[in-house]
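First the structure, in the form of structure tokens, and then the observations on it.
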2 protein chains.
Amino acid sequence: MNSQSEEDYLKAIYHLEMDYDSISTNSVADYLNMKPSSVTDMLKKLADKKYINYQKYKGSSLTKKGKLIALSIIRKHRLWETFLVDKLGFGWDQVHLIAEQLEHIKSEELIENLDDFLGNPKYDPHGDPIPNKEGKIEKMNQKLLVELKIQQEGIITGVKKGTASLLSYLDKEKIKLGDSIKVIEVLEFDGTFIVEINNRKLTFSEKICQNLLLETYD
Amino acid sequence: MNSQSEEDYLKAIYHLEMDYDSISTNSVADYLNMKPSSVTDMLKKLADKKYINYQKYKGSSLTKKGKLIALSIIRKHRLWETFLVDKLGFGWDQVHLIAEQLEHIKSEELIENLDDFLGNPKYDPHGDPIPNKEGKIEKMNQKLLVELKIQQEGIITGVKKGTASLLSYLDKEKIKLGDSIKVIEVLEFDGTFIVEINNRKLTFSEKICQNLLLETYD
DNA sequence: ATTTATTTTTAGACAAGTCTAAAAATAATA
DNA sequence: TATTATTTTTAGACTTGTCTAAAAATAAAT
Ligand SMILES: [Mn+2]
Ligand SMILES: [Mn+2]
Ligand SMILES: [Mn+2]
Ligand SMILES: [Mn+2]
């Protein structure tokens with residue numbers, strides 16, 4: 001049985017591996033708001049358990065075993081988030097901290113029953129794919145809006161980390177996850193995007209475009 | 001913020017106070033499968049926090065503050081049990097251990113939304129009353145079937161602790177919580193009860209009658 | 001190629017929560 | 001009441017997960 005801490009570390013390393021090749025001790029510390037010395041201790045323990053490949057001073061990576069555990073925690077996290085939004089009426093910007101706790105509840109049966117109860121959803125309220133029981137997860141062809149060319153289309157799947165306030169703005173503009181978005185024009189002067197969503201033309205600042213994630217059709 | 005351990009101790013003391021006047025260190029240790037020395041340590045901490053009245057060698061009792069915390073944990077426990085049975089299709093005999101974990105999730109809003117989602121239930125799947133947000137709990141006029149006189153009626157609310165197998169028997173006989181039960185006859189020879197449930201006459205051994213809890217109308 | 005800066009690990013400490021073994025207090029029995 | 005048994009507390013140890021401060025390794029800059 002793995003502790004809550006161990007699970008959070010494995011999840012952190014998994015997320016960092018999405019963005020970087022080699023995972024440094026400091027990057028894990030930053031991610032988890034922990035001191036590097038604490039991280040070193042935990043990395044040693046996770047390596048003992050064969051959940052990560054850890055070489056002193058060189059960095060870490062998940063083993064197959066560790067990756068499966070990380071994915072099972074992410075599965076639970078995203079299913080609980082879906083429950084909180086779909087069934088309990090929470091907003092997508094309110095569920096993360098609660099799911100951070102719920103993801104550690106130990107019961108195989110619980111999570112499978114929850115999955116069925118929710119209608120076996122494929123995406124969580126932030127548009128992130130939910131891994132299946134076997135740890136298979138859809139690899140998203142995800143791009144930032146700012147990376148799209150004129151006339152290119154995509155489906156809104158989420159926002160970048162640390163931009164929760166963007167969610168409220170989208171809400172206010174009645175823009176939801178799953179909405180289709182098409183680039184009409186880009187102003188060279190300040191990088192402003194003119195886009196079309198739900199048959200409406202809207203103007204997005206460059207900053208918004210740098211933080212809005214889309215799934216594209218290529 | 002109270003730890004999971006502190007919450008479990010407070011809940012244990014609350015339950016013990018239902019059955020006994022003075023709560024001994026050893027009784028808490030037995031209840032939680034812990035060593036008495038560990039309990040002493042925790043009792044001191046809970047007393048420091050003004051959650052219990054603790055006097056060396058004399059025993060403990062919950063303060064108003066401690067009782068409110070215990071009741072809030074019990075509220076969460078019973079709401080989660082209701083969720084697991086009503087929404088996720090668990091049996092009443094499968095939910096306790098999972099609720100034992102879920103009861104410690106920290107979020108006021110979560111539990112109030114869950115309460116609404118479940119339709120503000122008054123009783124959990126074992127027939128135990130669910131405390132309200134303010135810590136008010138219905139005092140059940142609960143009796144064992146064996147205590148009823150001939151012609152007296154009651155509503156099945158649960159079974160005594162440690163008799164989980166009785167639940168399966170009742171299930172098999174299509175008897176549910178909330179069913180009304182009436183004593184028709186008591187055989188003096190062996191204490192067998194003849195009762196009426198759902199317009200059926202049934203025979204219950206004395207042992208069953210000593211473990212079946214009813215709410216009576218007096 | 002040295003020197004300097006950064007990253008990472010080690011060493012040692014601490015809090016929480018548990019345990020065992022022994023001492024002290026209380027209760028039961030002779 | 002004196003002795004014995006039981007309950008409860010104390011003393012000291014251990015594990016987990018965290019921290020600070022210092023040392024060691026690696027990377028960057030002169
Ligand atoms: Mn977590
Ligand atoms: Mn999410
Ligand atoms: Mn618990
Ligand atoms: Mn219950």
Side-chain angles (χ1 to χ4, degrees), chain A residues 1-13 16-17 19-62 66 69-70 73 97 100-101 103-106, chain B residues 1-13 16-17 19-62 66 69-70 73 97 100-101 103-106:
Chain A
M1 197 84 321
N2 304 308
S3 72
Q4 185 153 326
S5 265
E6 290 169 333
E7 291 179 348
D8 282 335
Y9 274 91
L10 290 174
K11 199 157 61 94
I13 297 168
L16 289 167
E17 280 190 338
D19 294 337
Y20 307 97
D21 290 350
S22 168
I23 304 310
S24 71
T25 299
N26 273 10
S27 68
V28 177
D30 284 353
Y31 192 93
L32 294 174
N33 294 307
M34 214 91 67
K35 298 296 161 188
S37 53
S38 310
V39 174
T40 301
D41 283 351
M42 183 58 91
L43 292 179
K44 282 185 202 158
K45 186 187 311 183
L46 294 175
D48 282 350
K49 287 191 162 192
K50 310 272 190 242
Y51 294 159
I52 64 171
N53 306 114
Y54 164 68
Q55 281 185 291
K56 260 191 187 184
Y57 296 103
K58 301 288 181 181
S60 304
S61 63
L62 290 173
I69 294 170
I73 306 301
L97 281 181
E100 202 56 47
Q101 302 174 63
E103 70 190 358
H104 303 290
I105 302 289
K106 260 81 174 173
Chain B
M1 198 82 321
N2 305 307
S3 72
Q4 184 153 328
S5 265
E6 290 169 333
E7 291 179 348
D8 282 337
Y9 274 91
L10 290 173
K11 199 158 58 97
I13 298 169
L16 289 166
E17 279 190 338
D19 294 338
Y20 308 96
D21 291 348
S22 169
I23 305 310
S24 71
T25 299
N26 272 11
S27 66
V28 177
D30 283 353
Y31 191 93
L32 294 173
N33 294 308
M34 214 91 67
K35 298 296 162 187
S37 53
S38 309
V39 174
T40 300
D41 284 350
M42 183 58 90
L43 292 179
K44 283 186 200 159
K45 185 187 312 184
L46 294 175
D48 281 350
K49 288 191 163 193
K50 310 273 190 240
Y51 294 160
I52 64 170
N53 306 114
Y54 163 67
Q55 282 185 290
K56 260 192 187 181
Y57 295 105
K58 300 289 181 181
S60 304
S61 64
L62 290 174
I69 295 170
I73 307 301
L97 279 182
E100 202 58 47
Q101 302 175 63
E103 69 190 359
H104 303 289
I105 302 290
K106 259 80 177 175

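Below, chain A is the first sequence line, B the second, and so on; all start at residue 1.
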Spacing of B:Lys45 atom NZ relative to C:dA15 atom C1', expressed in whole Å: 9 Å
What do the steps show when you test B:Val39 against B:Tyr9 for side-chain contact (heavy atoms from CB on, under 4.5 Å), and what is the final call? CA-CA 9 Å; B:Val39 174; B:Tyr9 274 91; 4.0 Å; yes
Partners meeting side chain to side chain donor-acceptor pair (under 3.5 Å) with A:Glu100 (sequence neighbours left out): A:Lys11, A:His96
Between A:His104 (NE2) and D:dT16 (C1'), how many Å, whole number? 16 Å
Filtered N/O pairs between nucleotides 3-6 of chain C and protein, under 3.5 Å:
none

Within this structure, what is the NZ-to-P distance between A:Lys35 and D:dA21, rounded to whole angstrom? 10 Å
Taking the side chain as C-beta and beyond, is there a heavy-atom pair between B:Glu6 and B:Lys49 under 4.5 Å? yes
State, with a plain yes or no, whether a side-chain heavy atom of B:Ile69 is found less than 4.5 Å away from one of B:Leu62. no
Expressed as a whole number of angstroms, how long is the span from B:Asn2:CG to C:dA16:P? 13 Å
Which pairs would a plain distance check flag for residues 50-57 of chain A, meaning a side-chain donor or acceptor within less than 3.5 Å of a matching protein atom at least two apart in sequence or in another chain?
| unit_1 | atom_1 | unit_2 | atom_2 | d |
| --- | --- | --- | --- | --- |
| A:Tyr51 | OH | A:Asn2 | OD1 | 2.8 |
| A:Asn53 | OD1 | A:Ser61 | OG | 3.2 |

Per-pair distances, 0.1 Å, donor-acceptor, side chain in residues 19-27 of chain A, under 3.5 Å, sequence neighbours excluded:
| unit_1 | atom_1 | unit_2 | atom_2 | d |
| --- | --- | --- | --- | --- |
| A:Ser24 | OG | A:Ser27 | N | 3.1 |
| A:Ser24 | OG | A:Ser27 | OG | 3.2 |
| A:Ser27 | OG | A:Ser24 | N | 3.4 |
| A:Ser27 | OG | A:Ser24 | O | 2.7 |

Return no unless some side-chain N or O of A:Tyr9 is found under 4.0 Å from OP1 or OP2 of D:dT18. yes
Which atom pair, heavy atoms only, marks the closest approach of B:Glu17 to B:Ser60? OE2-O, 4.4 Å
With sequence neighbours excluded, what pairs up with B:Glu7 under the side chain to side chain donor-acceptor pair (under 3.5 Å) test? B:His104, B:Lys106
In whole Å, what is the span from the CG atom of B:Leu46 to the C1' atom of C:dG17? 12 Å
Heavy-atom contacts, protein to nucleotides 8-14 of chain D, under 4.0 Å, summarised as B (base), S (sugar-phosphate only) or - (none) per nt, yield BBB----
